[in-house]
Amino acid sequence: MQNEKRQNILFVATMILMSIYLLWRMIFTLPWDQGFWNMVFGILLIAAETVTVLTTFELFLQKMQKKHTQLDFPNIAPEHYPDVDVFIATHNEPVDLLYKTVNACTFMDYPDKQKVHIYLCDDGGRPEVEELARQFGVGYLGFPENTEAKSGNLNHALSKTSSPLIATFDADMIPQHTFLMKTVPYFLVPELTEDNRQWLLRTEKKRSDKSKSVRRRLKLGLVQTPQSFYNPDLFQFNLYAEQGIPNEQDFFSREVNILRNASNAVAYTGSNTVISRKAMEEIGGFPLKTITEDFETSIRLQQAGYITYATQEVQAAGLTTTTIQSMIKQRIRWARGILQSLQNTRAIFSRKLAFWTRITYLSSFLYWWSFFNRLIFIMAPILFALFDFQIVNVSFWQILIFWLPSYFCYSMSMRYLSSNIRNQRWSQVIDTIFMPYLIVPVLLETLRIHERKFKVTNKKKVADRQWMTSLLYALPHLFLLLLSVAALLRYVHGKYGLALFYSSIIVFWLVYNMIALCYALFFMIGRRAYRETERIRAQEDVVIQSKENHLRYEASTVDVSEHGIAMYVSQPIYLPSKTTISLNVKTERYEANLDAVIVNVKKDGEGWRYSAKVQPLSEMDKRQFMQIIYDRKHSLPEQLNLWDTAYDDMVRNVQKRVIQPFSNQRNMPRIPIRCPVVFTNGDRCTLRSFNFLFFSATDFQGDTTTGGLVTFYTKSNIEVILQHTRKTRSRRDDMLLSVVNIDDLAERGLIDQMLDDLMQSQSESATGD
């Protein structure tokens, strides 16, 4: 409560200070006497500032109302849960991608699973997708004659089904098992009453006694859960920030869309949603003639008097786009589609919508002009410092008085607004990256020059860097960066002392923009992707068994992926290289048996990490293993690392791109020891390290020759037979001795005891020294 009060005070103070600043800018700082072009650029700059600030004010006001716009989550008796149709929309996505989504849908909890009807809605009419539906025992709704993109596909599915609720998923969105149980109960709130913390069905009399306004308030059209992704987006991946920043779309899905509950302007994002069939029938189904049918659906539901409600808890995760080209095409489609839908529904002026709902949609419209604003903010100091434009008529001390306090409060308010999902710096970096590619489409769409062709976003990984394409996308940013550098050098040239001090604000502005442009260059240059599938951190129990010698070990997973698994053990264990072992991975809900081959072993803190390629033993094991991987919260960050500065980001990006990481490809652990041994023939040496197959040794004394066999016994009288090889490790006097009887020791279960004996002998030797 105290934090909320402090937040609201800061928001109000920021709105007052920013309003004073904007009024001062409009009245006193425009360059009326500096010529036509100076005036034009001066007006553009203040217009960009005003639009940016006012759209943020709208979010501040919604944040202040957030607590009062959350629906109570009811506890529903099992028999009251209605039937649900689950639509998985697919166009041309590969079957292995669909497999994971369909599989997860079949594992969703529900009191009566017979009330859950899953359908693959395929407007490609592909036999392999129909076979997949048959394999899982779910419905198949092929619609190859579809000419209306996703809307036509979903409307066809609506016409073939009848359940009162509909859950929609994109082909790549994998729901958690709790999805339906966390969404469906909201739709029963109008039928329930809370009595002494118990939710009961209303009697007919109580229903009729309820006022019309309350019934309208509880008229729920859809429940939208956040869009989430289990693979790093391009901002996280290309900028080496997988552990430092959340997914770029998290700010909208987990913050902005939640805030829009306050104005009933929540956007349907096309997936991870439950929708009322009655509501969809009332608006005539999914709208056509738009390339963002999801966004327009939510507007039409609101115009029909329905609530669209967004929840905060992630209940499904999918694949985000992995190429710069596809990401830019995706954003252009979103920009054009949202502006189209606002025009189609006249949402900003519609009397069917409440005043604050219309204000929110005005803010949505203005958001897409933020990229043009970003260009103005980058060009303004360049025009002043490089080309001598006088676009602001102001003194140094006036800027400190009017701008600095408002800027400081504004930055602090942005942190409160985004719950550390986004800060002002990252917002400007993102806008800078997209800016060159969205200005023209937004302008054309505003002028009603439409693009109606639907383009499915490509989410396939690209292994190579595609240098030429990346550099082409980076050219606008490179040009602006060079202009900024030239402006900075020209502006500070010849300035010393107070002159340089009074120039500090322009210098700060130029450097601030240059940092964002450097981020854009790093982003566009990209980073090579080596992995075909994503690793997801998971700590689950795993039992390791060797098929050759029946050794059994218990471990825990570090991370899991569709083709691999990393396991942590406290002590090094012997697993023969290039041989198949068995893994049993078990969680509270799932269990999978896998064949595995160890491909890498390395030290991990006090223990060891074993990485393996895996293959499920059966179809059921595959289905269970997919759930072990994906039926969990993703392991990517949900908040910014507040300790990371722009300097840290720049240094990390330079280091990662210049310094090639050391690749450790060992498939056996290399255990350092220092253990003197005496062989049965009287010869001596010091064992330096051990990887189960070889000892490295130095300080040989005696006549042991290359190729000869020698034997020593451990403290527990375990016989170890070694063969002197010609191989050296890292130094010429560090020879390798192969362990001849390692398989026999493993078969007899003596490996761990032998290792304990060696470590104990090492300790005794060190004590003796």
Side-chain angles (χ1 to χ4, degrees), residues 3-4 7 11 55-56 58-71 73 168-170 172-176 178-179 182-183 186 222-236 241-274 294-295 298 307-321 330-331 334 338 360 363-364 367 413-427 429-431 536 630 632-642:
N3 285 340
E4 183 181 348
Q7 162 204 285
F11 285 164
T55 53
T56 312
E58 186 255 342
L59 293 177
F60 289 165
L61 293 170
Q62 290 187 342
K63 182 80 169 184
M64 294 167 71
Q65 296 296 316
K66 179 179 178 180
K67 185 177 179 180
H68 307 292
T69 57
Q70 294 178 330
L71 294 178
F73 185 79
T168 63
F169 294 101
D170 285 341
D172 63 297
M173 280 290 171
I174 305 173
Q176 297 176 19
T178 54
F179 177 83
K182 295 280 188 172
T183 52
Y186 284 112
L222 67 80
V223 172
Q224 176 68 60
T225 68
Q227 294 272 35
S228 182
F229 304 93
Y230 56 81
N231 66 318
D233 71 4
L234 285 177
F235 295 94
Q236 295 169 308
E242 295 102 317
Q243 303 308 317
I245 61 173
N247 186 288
E248 179 261 337
Q249 293 184 48
D250 277 6
F251 180 56
F252 178 80
S253 287
R254 294 197 294 115
E255 194 64 62
V256 174
N257 216 27
I258 308 298
L259 296 180
R260 288 182 172 180
N261 286 325
S263 57
N264 191 31
V266 165
Y268 169 39
T269 58
S271 185
N272 316 345
T273 316
V274 178
D294 43 11
F295 180 71
S298 50
I307 292 173
T308 56
Y309 185 70
T311 64
Q312 198 152 13
E313 186 177 0
V314 171
Q315 288 295 306
L319 274 172
T320 187
T321 179
Q330 180 190 64
R331 297 313 160 92
W334 289 356
I338 287 172
T360 299
S363 180
S364 297
Y367 163 76
S413 293
M414 283 298 293
R415 287 199 172 183
Y416 274 105
L417 178 67
S418 66
S419 306
N420 290 331
I421 297 174
R422 179 82 60 83
N423 60 20
Q424 192 173 7
R425 172 166 62 93
W426 274 106
S427 291
V429 166
I430 291 165
D431 287 353
I536 297 174
Y630 295 112
R632 63 179 69 246
K633 287 184 67 175
H634 63 67
S635 52
L636 294 167
E638 295 185 341
Q639 292 188 330
L640 289 168
N641 180 353
L642 298 180

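For the pair Phe169 and Ala316, the tightest heavy-atom approach, listed with the atom from each and the gap, is CE2-CB, 4.4 Å. Nearest heavy-atom pair, Tyr416 versus Lys63, reported as atom, atom and distance to 0.1 Å: O-CE, 3.4 Å. Minimum interatomic distance between Pro226 and Gln312 (heavy atoms only, all atoms of both residues): CG-O, 3.4 Å. Across Leu640 and Trp426, no two heavy atoms sit closer than the pair CD2-CD1, 3.6 Å. When all heavy atoms are compared, the tightest approach of Gln227 to Met173 is OE1-CE, 3.0 Å. The minimum heavy-atom distance between Ser263 and Thr360, with the atom names listed, is OG-OG1, 2.8 Å.
A heavy-atom distance below 4.5 Å is found between the side chains of Gln236 and Pro637. Gln424 is not listed as a side-chain neighbour of Arg415, based on a closest heavy-atom distance of 4.5 Å or more. Annotation: side chain of Thr183 is not in contact with side chain of Asn272 (no heavy-atom distance under 4.5 Å). Side-chain contact between Leu222 and Tyr309 is absent, with no heavy atoms from C-beta onward closer than 4.5 Å. Counting heavy atoms from C-beta on, the side chains of Val274 and Tyr186 never come closer than 4.5 Å. At a threshold of 4.5 Å between non-hydrogen side-chain atoms, the residues Val256 and Phe251 count as touching. Contact annotation: the side chain of Val314 approaches that of Arg254 to within less than 4.5 Å [non-hydrogen atoms, C-beta and beyond]. Between Tyr367 and Ile338 there is no side-chain heavy-atom pair separated by less than 4.5 Å.
Under the side-chain contact (heavy atoms from CB on, under 4.5 Å) criterion, Gln249 pairs with Phe229, Asn247, Thr320, Gln330, Arg331, Trp334, sequence neighbours left out. Applying the ring-ring contact (aromatic ring centres under 6.0 Å, His included) rule to Phe60 yields the partners Phe11; only residues at least two apart in sequence or on another chain are considered.
Using modelled atom types, one finds a donor on one side chain and an acceptor on the other under 3.5 Å when comparing Thr168 with Tyr268. Side-chain contact annotation: Asn261 with Gln70, donor-acceptor N/O pair under 3.5 Å absent. With no hydrogens or angles considered, a side-chain donor-acceptor pair links Gln315 and Thr178 at under 3.5 Å. Inspection of the Ser298 and Thr308 side chains reveals no N or O donor paired with an N or O acceptor under 3.5 Å. Checking Ser419 against Glu255 by side-chain atom types alone, a donor-acceptor pair falls below 3.5 Å.
Taken from OG in Ser418 to CG in Leu59, the straight-line distance is 10.5 Å, to the nearest 0.5 Å. Annotation: the span from Leu636 atom CG to Ile536 atom CD1 amounts to 8.0 Å, rounded to 0.5 Å. In this structure, Asp250 CG and Asn257 CG are separated by 12.5 Å, a value rounded to the nearest 0.5 Å. Taking CE of Met64 as the reference point, atom CD of Gln7 lies at 8.0 Å (rounded to 0.5 Å). Atoms CD and CG, on Glu638 and Asn420 in that order, are 12.5 Å from each other to the nearest 0.5 Å. Atom OG of Ser427 and atom CZ of Arg425 lie 10.5 Å apart (nearest 0.5 Å).
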Practice task
Decide yes or no on side-chain contact (heavy atoms from CB on, under 4.5 Å) for Phe252 and Arg260, but give the supporting numbers first.
Solution key: CA-CA 10 Å; Phe252 178 80; Arg260 288 182 172 180; 3.8 Å; yes
Handout entry: Criterion side-chain contact (heavy atoms from CB on, under 4.5 Å) on Gln224 and Thr269, from CA distance to verdict
Key = CA-CA 8 Å; Gln224 176 68 60; Thr269 58; 2.9 Å; yes
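Judged as a salt bridge (charged side-chain N to carboxylate O under 4.0 Å, His left out), the pairs with a partner in residues 307-319 (not counting sequence neighbours) are, in order, Lys182-Glu313.
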